[in-house]
Amino acid sequence: MSKYHDDNSYASDPGGISLSRAKLKAFKKELPFFKRLFARTLHPEEMLAEHLRLGDSRAAMVMPTADGLVIAAYTDELDCVALLAFPDRVARAYNLNPGDRLLTVNTYYRGSNVAPDLEHGEHSYHRYPNFYPLIAEFLSDDSLSIEHRKAHISEEEWVATYLKGEEKLNRKGLFIRNGNPYLSQIPASGDPFKLGR
């Protein structure tokens, strides 16, 4: 039984991953002052821990950009990706290169209007308008569990994630979310997120 998530729905491939409080703390320090003040209230650690344990785990890939680290996080619910930008310290810490495979753990929001940076793909289930992606490697030390799950993601999903990310990067009016786990559920607006901040 979950405290923060809907027990009437469940993930087809739950993350089953534990939260590293040290890794989460590094992201919390990077929040603007007022968001940092309310982070504990709006996103308690146990809610994010539950998210990683129960959320749906899918493919995520590092995208080629000149401006900083951008990751395409896939959702099979909408059959699309959200682009997530991360600070340079994350790129350095994980020595990431374009095409590297990561794991996103997603939870979903109910509603009617699709988030402005998302779209329903050809294979969308049309059940949710937005999702909340967390990149597992950046928030957990469970490397064996993460690698095990990644090994069971189909090659088709990896390829689709990269192609959808590439297509989105090449669009006019780039939509990139802040990848910080306290902010990654917030849809990107029409103004591109300034990478590297």
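Basis for what follows: all heavy atoms, side chains included, without hydrogens, waters or symmetry-related copies. For clarity, every value in this text was computed on a predicted model and none was experimentally measured.
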Chemist: When you compare the side chains of Tyr128 and Thr75, does any donor N or O come within less than 3.5 Å of an acceptor on the partner?
Modeler: no

Chemist: Please report the interatomic distance CG(Leu96) to CG(Leu69), rounded to the nearest 0.5 Å.
Modeler: 6.0 Å

Chemist: To the nearest 0.5 Å, tell me how far Leu103 CG sits from Ser143 OG.
Modeler: 12.5 Å

Chemist: Verify the distance criterion only: is there a donor paired with an acceptor across the side chains of Ser184 and Arg177 at less than 3.5 Å?
Modeler: no

Chemist: Crowded around Asn113 CG? As in, over 12 foreign heavy atoms under 6.0 Å?
Modeler: no

Chemist: What heavy-atom pair brings Ala73 and Leu84 nearest, and what distance separates the two atoms?
Modeler: CB-CD1, 4.0 Å

Chemist: Please determine if Glu137 and Lys150 form a salt bridge, counting it only when a charged side-chain N lies under 4.0 Å from a carboxylate O.
Modeler: yes

Chemist: Identify the two heavy atoms, one from Ile153 and one from Ala59, that lie closest to each other, and give their separation to 0.1 Å.
Modeler: CD1-N, 3.6 Å

Chemist: Using a strict threshold of under 4.0 Å (side-chain N to carboxylate O), is an ion pair present between Arg101 and Glu155?
Modeler: yes

Chemist: Checking salt bridge (charged side-chain N to carboxylate O under 4.0 Å, His left out) for the pair Glu167/Lys164: CA distance, chi angles, key distance, verdict?
Modeler: CA-CA 5 Å; Glu167 190 270 328; Lys164 287 173 186 291; over 6 Å; no

Chemist: Counting N and O atoms only, with roles assigned by atom type, does the side chain of Ser140 sit under 3.5 Å from a partner on the main chain of Ser18, one being a donor and the other an acceptor?
Modeler: yes

Chemist: Are the side chain of His51 and the backbone of Val105 linked by a donor-acceptor contact shorter than 3.5 Å?
Modeler: yes

Chemist: Going by atom types only, do Asp79 and Tyr74 share a side-chain donor-acceptor pair under 3.5 Å?
Modeler: yes

Chemist: Which heavy atom of Pro129 sits nearest a heavy atom of Tyr109, and at what distance?
Modeler: CD-O, 2.7 Å

Chemist: Can you name the closest pair of heavy atoms from Pro181 and Leu48 and give their distance?
Modeler: O-CD2, 4.2 Å

Chemist: If you measure from the Lys or Arg side-chain nitrogens to the Asp or Glu carboxylate oxygens, is any gap between Asp117 and Lys168 under 4.0 Å?
Modeler: no

Chemist: Ring centres under 6.0 Å, that's the criterion: do Phe27 and Tyr182 meet it?
Modeler: no

